[in-house]
Every structure is written in C-alpha cells, then in structure tokens.
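Quick notes on the structure that follows.
In what follows, every heavy atom counts, from backbone to side chain, and hydrogens, waters and symmetry copies are set aside. Index from 1, following the sequence.
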Amino acid sequence: MTIPLFEDVGAVATAEPAVPPDAEGFALNGVWHPLPADPSLRLLDHLRTDLRQFGTKEGCRQGDCGSCTVLVDGEARYACLVPVGQVAGRSVVTVEGIAAGTQCGGRLQQAFLAHQAVQCGFCTPGMLLASAAAIDAGRVTDRASARDAIDGVLCRCTGYQKIVDAVTEVGCGVAPWPCTLPPGQGPAVGVPLTRLDGPEKVDGSQHFGADGWPVGSLVLRAVRSPHHRARFTFGDIDGWRAAHPGVRRVLTHADVPGLNLHGVATPYADQPVLAVDETRHYLEAVALIVGEPEAMMALDLQRFPVTWEPLTPVLTVDDATQDDSPVLHAARPDNILIEGLVRRGDAAAGLRDARYVASATFTSSFVEHAYLEPEAGWAQRVGDRVEIHSSTQAPHPHRADLARILGVAPERVRVVATAVGGGFGGKLDMSVQPWLALAAWHVDGPIGMVFSREESMATSTKRHPARIVSTMAADADGRLCAVEFDGDYNTGAFASWGTAVANRVPVHAGGPYVIPHYLAHSRAVHTHITPAGAFRGFGVPQTMMSQEQLIDELAHQAGIDPLEFRAMNALRAGDSLPTGQVLDQSVGLTECLDALRPAWREARARIATRNASAPGPLRYGVGIAAFFYGCGNTALPNPSTVRFGVRPDGTIVLHQGAVDAGQGANTVIPQIAADALGVPVDRLHIVGPDTHLTPDCGRTSASRQTFITGRAAFLAGTALRQQLLRLANAPADATISAHADGLRIEGRPLDLRARPADAHGYAVAAEESFDPPITALDDAGQGNPYATYAFGAQMAEVLVDCESGRVRVLKVVAAHDVGRMVNPTLLEGQVEGAVAQGVGLALMEQYHPGKHNNLHDYLIPTVHDMPEVRAIFIEAPTALGPYGAKGIGEPALVPTAAAILNAIHDATGVRIRQAPATPDVVRRALDGCMTDGVRARGSDHVHH
C-alpha cells in the first residue's frame, strides 16, 4: 500500500478546454460536455446519472449539507441547486478533477490524508472543493478563515478539527504534515498510520450505496403512510400500473415469499417488510414500485390507489402504558418491549442511612443520527442467488434476515457492503435491503434505491428519549453508598435495539464507581413513532446526563472538589460492579482523572478570574463527567471470525468482514493482523466485508470491532505465522518477508507452488474466531455482561449568556483508557467526532417525530459550534484485547453532554433537567431560580 502524491497542476486549471464549434455545453474537469436536452435538470443529477461522475455526493438535495459542492468558474456552488443551464459555457470542477483543476487541490488532498481529516469520507469531496475555492481566492489566512471556508459543508464524523488543521496548513503555506506510511519493518500497532482507504476517499473513487449502480438499473420507490397510525386498503393497483408506462411491477406484502418480518434479534422480529393492514409510524411503507428511472422520477405517489383511515396514535410512554392504550403488538399487550434490572444490596436502606442525598427527574429527546449518506443500495438476481450491495453496518446479520424474508437458504443471499457514509448505529437495522432483495427476486435486472433526506430522517432509527427518576447517596466521608434508578425509554413502533438499551442501561446507571447498594430498573416502551435503535452508546449517554449531575450535587453537598469526589469513589482493579462482576484488570479510570487534574485545576482558576471581570450576563463554567462502558453486546455471544491466507504465488490475503463506517476498521484491523503475522501492512491484500468472501465479523456496533475482530485477526495472524514457520522449519522469532517473487523466511524463499490449494485458493491458511467470555445476567441482573470495559472522563468549558440562554462550548479535554493505542491519530479523530455529537446532544439536537425531516430545521453542530478538543490516552491493557486494545467509538461520546451540563451549572448555579439545553430551556431554568430578585450564578455557589 502506498499513499499517492496528488500533484498540483495549477497551469491546467487556467487552460481553456477544447470547445467544439457552435457547441453549447460546459467544461467538466477540463473536458467539454454538451448540455442535456433539459436545461432545468439539476447539475447534480447530470453529473451522477448522465456522466456517471459519482464523486459529487447527494446528501440532502436542498442545499443544507454541502456534500454536493462543486466549483463553477472557481466559486463553490451546491450542485443540487444549480440548473445545468446555468453552467453553459462555464468551467465545472468536481473532486475527480480537483488536483488538476485548482491551484491547491493536490496539496489539499495530501493534507487531508496526512491530518486524518477523513473518516467515512462522504462529506470529503464537498469539504475539499469548498476549501479549495477559498484557498485559491486567498481567503484562508488563519484557523478562523479556514473554518469560514468550510462552514457551508456539514460533517457528522470528524468534529471538523482535523479538517481545519488541513485547510489551515495549505491555506497558510505551512510546511506539509507528512502522511504516515506503513513501516517497512517493525510493528505497525501504535503507529499513527494514514488510513489505508484514505486515497479513494479524497479522490472521489470510493463508492457508497448510491454510487456505481450498473448501467440500465431500474429504480425502486416506496409508497408510505402520511399518518403516525392508520388502517389502509388498496384500490385498483393493476389499473394504476397500466396507466403509468415505465412502471414494471408493484409489490405489496402479498409478494413476500418468506417471512414478512425482520428485526435485529430473531425473537424480536416484529418489523414488517411491508405493512399488512395497519401502519404504525409516519412514512411506514405499504407498497413498492419498480420502474424505469424517468418514469419513477415523474411519479406522484400521492395518487397511488390506497385509502387511509387515520387512527389515534400513542406517541409518549405515558400514553402507551395506560390501561386502555392501543396495543402495537399482540405479543406485548402492555406495549412494554422489555424491562432491565440490576439489584445489589438494599438500596432503600442505603439511601435512608446516607448523609448526603441527591435526587432528580431528567428527560431527553429523540436524536437523529444525521449521517450524511442517505440509505441506499442496489440489488440483482445472479442465477439462484440474490445479491445486495448496500450501505450497512451488519452484512452477515442482514443476510440471515433477508434469507428468511425470501424463504431461501442463507447461501442464496449475498450481501456486499459498500462504503458507509456515516452510521453510528443507524445502519445496523435494515432499510433498503429487504425491499431491494424483494424487488430483485421478482424483477429481472439490477435495481437501485436511495432514500430522500425526508425518508431517511422520518423512518430511520433514533436515539431513545429517556425519562429518568434517580437518587444517589453518599456517606459522611463522601463515599457513594446507594443508587436507585428508574428509566423509561421510548423505543418506537418496533423492537430494533430497544432490548440492548434496556439491558445495557441498568448495568451502567451508577457510573464508574464503587456502589454497595444498587437498584436500577429500565423499560423500553412501544409507541407509534419510527423505531428508536442503536445510536453510539445504547442509552448510556442520555443516562449519564442525569447521573453525573447527581454525582456533582453530592460532591458539592460534601464540600469535595468534583474531580476528587470521582477519584475517591472510582472503580479500581479488584472492585466489583453492581452486577457482581469483579474487575481484575484494565481499569484505567483513576489514571484518566489524574491526567485531567492539571487541566481541571487550571480551568477552574482561569474561569474564576474570567467571571470576576465578565461583562453583564456572560458567565464561564467548567464541568466534568466520568464514565465506564462495556465493550461488546450485553451478556450475549459476540463472536468475530477472520481468515488469513497465502496464495501459491506468495500473495498474503486478509479477509476481514468488519465494516468501516468511518471509525477506521479498514486500517486498524490490518495493523493488528500484520503485526501478528510479522509482515508490513502494505504486504497485505485486503478483502473487505462481503458475505460471499469474508467470514462473519459481527456488527460494527457496541465498540466491539477493534476489541473482538482485532483479537480474531491477531489469532488468525499468529496461527498463520506458526504454520509458515513450521513449513520452513524456522524458529519462533524468524522473520517473514513478502516479495514480488514470493515469501521468504529468514531470507530463504518458501516455495508454496507445490502445495494443493484449499477451497479459497490458499496454499496455507488460518481462520480463527474470538468470542469474549461473558455470562448471562440472572433475574437480579447478576453476572458478567462484558469481558472488558472502557473508562474515562471529560471536562468541558462553557460560556453562558444568561440573557439569551445561549451556551457555547469553548474547550473539551478528554482522557480515555483505550487499553492500547493501535492508531493514535484515528483515536483522536474518534474523540473529536464524538465530542461534536455530544455538543449536539447537550445543546441543540431534538428530533420531533413527523416534523422537520431535513438538515435545515434539524440542527447538528457546524464547524463554528465546535470547541477546541484535546485528547489524552491512557493505556491500561486488557489481556483479552489485541495487544491490549479495547474500543473507543462509543465511549468517547458517553461523558461529553454530561460534562457540558455540569459546566452550565458551574457557570450559572442552575441545574438543567432536560436535554437538549436549548436557549429557551436554559432561560426557563434561570428564570425559575431567583433568590431575592438576584439570578443565581456559578461563582455564588448556589445549588438548586
């Protein structure tokens, strides 16, 4: 593997393309193209559909996300809003031509790679074009103007900080930060290796779910319910189809050959492929239409022959749990999907005997994943097998579900994971996949589907809203002694990952502390809302917003510094959790708090000085939150399998099916595997997630891939190394090297051509699995639900305008125990991206079911909302993890919002008991906390 150098060819950018005489057209990346017949056609559609230039992405079609940014005569424009007639006679540059078509494009691509400014890569083309326009125009002179350059492009993965680093470097002429290439010898683990899949992300060649459909693909659209709940009946479908030339087939639930249900876990398969007689949430699908692209674009689906009878929905937990509430699923007559429980000791007695007690009710809202890539994919029937290419976090689980839907053996379904343009748990559930499979089953030829932004936001899973009633208590010395916790989580119409949330939350509700008396109970409750599912933390981030505020209150009551209070109560090796599990290793919380202590003390002193001179209503504050988080599924089997092989010609092939949704599995897993085998990373030929080619590495979720698939890769690499050394009769510490003419052991050629190849074509191969040791939880929640835990703490500094209620996060310092740093800069990127989502969770993101299904009304953090982020990594290795490593993707988000809410209290003296803490929420809290007509402020040490 080599990182290409993207040459800047500024002269080419100014060269005039050859223009045919009397031709009406435009120059695309220096090549003249005639205009299409319809000048009102969007430039985005012409680029992608007619010219098959897929680097320009479609994320919203409304000019809200910036993913489709291109240059028109050097100016950044949204291709989704530009009629192609407006570019007549002009020059258009897309990501495919940025190196030659701009003065700085090649250097920008290189800087994005070097700074690890790329994660999923979906926004990257837009980021590159927007920043190139500003740099070439001389508008980037410092970090502030670098932020301005990209403020029209959203990113959901990176947190923007590394993008700003790259843009600043190129715009200000700073010496280039070098890409970190795979070491020629020695270990790759611990090296900040540049992403192995980075080049295709910055040159536009990486294909996502909506890219690269076969020429001539048909298009699939869904007929959806306009109501939260409704009965429906179909009219004359055959007559409607006959009246619409170009429509090939209409499909309803009657056309499903197998089981008209799917779900994350088979016992909870409750989501119909297509609704039968009643819909349970807004925009649930009742029919599918397959047809020619032009015909499908012209369809007015509101005229489809279906009659709706709206019914009264239940939208809240309270409404859903009344005695006379309508039942969503007959198997759950009380609308309660599942309850979770962990009990130890006597919590009531512990609270009664405690010196300090803090109680609160806390609520949070639905939160949208807002990944920039809408759900998309394509499928076709190949012989007796249906093949689905889609954006997914779970190829093998999807294959199992699709086989049940089609009524065939799993081997007759092939799922190929395309690049994933952001997931965060939202692409664990199936979306387009069952519909594409069904359409391909019935209709010949390739068929593609992509959700509109409205469809994506209205029907994709959400973060569970929480309603939490909790009490925590400490003794006279400030030692935690008891917790009582009760949490209700609105899980929406179908199960999705509600079971995982309700089971995970009670394990984590006490936080990373020693607690002798503990009672935590949770419920996931069905309502007529799009399902709530997995979203980076499975209920723990919203739970910590409540619990870590109570920890702060106890610290204040006891007169103990909040960081020191956490340190004195922190879990250490040898302590046990409320589940009874003893933590015998890899417990790095106290080290994380130690690492934060200097920054914490400095921030508190600085903020006291700032508040003493702050003008008028402006108040500064700093808050802290600690956490722990179980890596992997809760108390369930959780295996991954990795295959490693050597072809007779000496080519080394790694089959790893872990989906990279931006977190870096395509780089981290090869780093681990290469070290275990003892060869440089660039000697590996990597086969990615494809159920026909790669073993099952499980879902990309629950912070499990580095820990579990990484361990499987380590075991497979070790096993393959042992086989090769035995064949060469070489010692255990012998060197293995790969060359164009084959393998060498200790410099001597190892000829494998005479060995018979196995079914996969390998002369030597190893396939190994790893399933972390866990035990099920009993009725009292006792057991070992996770094999290892991530620990950490974050502190946040904020500025609160007490007149407007607006909160700005200024800085976050995050200390995390990662076990072992496999790739330090990828870890930094995960922390920075998680902080961005934490800012949104704490301050702005609130999804209203059925409303505002766009990225204009639903706000996510922009580059201007991001604080400075500093990551500190603690290595407390786990013997189970590969080289000691454990997960970071979800843990990095868990404490952020809680730290921000604690910082708001430090600034103002008021507690925020609901999230997000939008300006109106903060103002109401301030207005409700008046003492003798004087507003409480953090520096007054008034606590409410």
Side-chain angles (χ1 to χ4, degrees), residues 187-190 504 507-508 512 537 540 570-577 579-595 626-640 642 658 663-665 668-669 671-673 675-676 697-698 700-718 768-775 783-793 814-824 826-827 830-831 871-892 894:
V189 170
R504 183 178 284 266
V507 176
H508 294 81
V540 181
L571 287 162
R572 292 166 169 82
D575 290 332
S576 63
L577 301 178
T579 65
Q581 181 176 4
V582 176
L583 302 175
D584 57 355
Q585 59 170 333
S586 191
V587 186
L589 178 56
T590 56
E591 292 92 333
C592 290
L593 293 169
D594 289 344
F627 78 97
F628 79 127
Y629 192 81
C631 296
N633 296 337
T634 307
L636 292 171
N638 202 12
S640 279
V642 168
Q663 85 281 16
V668 169
I669 303 302
Q671 283 182 269
I672 294 166
D675 275 16
C697 284
T700 291
S701 68
S703 298
R704 60 178 299 282
Q705 291 295 16
T706 296
F707 172 49
I708 299 175
T709 298
R711 179 67 178 180
F714 171 82
L715 295 173
T718 300
E768 296 289 335
S769 299
F770 176 63
D771 192 359
I774 53 89
T775 63
N784 298 347
Y786 309 98
T788 194
Y789 295 82
F791 294 87
H816 290 268
D817 164 21
V818 298
R820 172 76 186 279
M821 290 186 286
V822 176
N823 190 311
L826 292 186
L827 286 170
Q830 285 296 287
V831 171
I872 303 170
F873 297 116
I874 302 298
E875 293 185 310
T878 169
L880 293 171
Y883 300 102
K886 50 191 180 184
I888 187 64
E890 290 171 296
V894 170

So how far is it from [X] [atom1] to [Y] [atom2], rounded to the nearest 0.5 Å?
| X | Y | atom1 | atom2 | value |
| --- | --- | --- | --- | --- |
| D584 | S576 | CG | OG | 12.0 Å |
| R711 | I669 | CZ | CD1 | 13.0 Å |
| I888 | D817 | CD1 | CG | 9.0 Å |
| I672 | R820 | CD1 | CZ | 10.0 Å |
| R504 | T634 | CZ | OG1 | 4.0 Å |
| F873 | C592 | CZ | SG | 10.0 Å |

Does [Y] offer a backbone N or O that forms a donor-acceptor pair with the side chain of [X] under 3.5 Å?
| X | Y | value |
| --- | --- | --- |
| Q671 | A188 | yes |
| E875 | M821 | yes |
| N784 | T775 | no |
| E890 | S703 | yes |
| S640 | C697 | yes |

Side-chain H-bond candidate by donor/acceptor type, [X] with [Y], under 3.5 Å:
| X | Y | value |
| --- | --- | --- |
| S586 | T878 | no |
| R704 | N633 | no |
| T706 | K886 | no |

Task: Closest approach of A635 to I774 (non-hydrogen atoms, all atoms of both residues) - done: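 In terms of heavy atoms, the two residues are closest at C-CD1, 3.5 Å.
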Open item on the list: If I compare all heavy atoms of C631 with all of F707, which pair ends up nearest, and what's the gap?
Closed with: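 Taking C631 first and F707 second, the nearest heavy atoms are CB-CD2, 4.1 Å.
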Task: Sub-6.0 Å ring centroid separation between Y883 and F714 - done: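 Yes - the distance between ring centres of Y883 and F714 falls below the 6.0 Å cut-off.
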- [ ] Step through it carefully: locate the ring centre of H508, locate the ring centre of Y786, and say whether they are under 6.0 Å apart.
- [x]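 Yes, close enough.
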Task: Close side-chain approach of I708 to P639, heavy-atom, < 4.5 Å - done: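 No, too far: nothing below the 4.5 Å cut-off.
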Open item on the list: Between P512 and V587, is there a side-chain heavy-atom distance shorter than 4.5 Å?
Closed with: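 The answer is no; the side chains never approach within 4.5 Å.
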Open item on the list: Parallel, tilted or perpendicular: which one describes the rings of F627 and H816, with boundaries at 30° and 60°?
Closed with: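 It falls in the tilted class, 30° to 60°.
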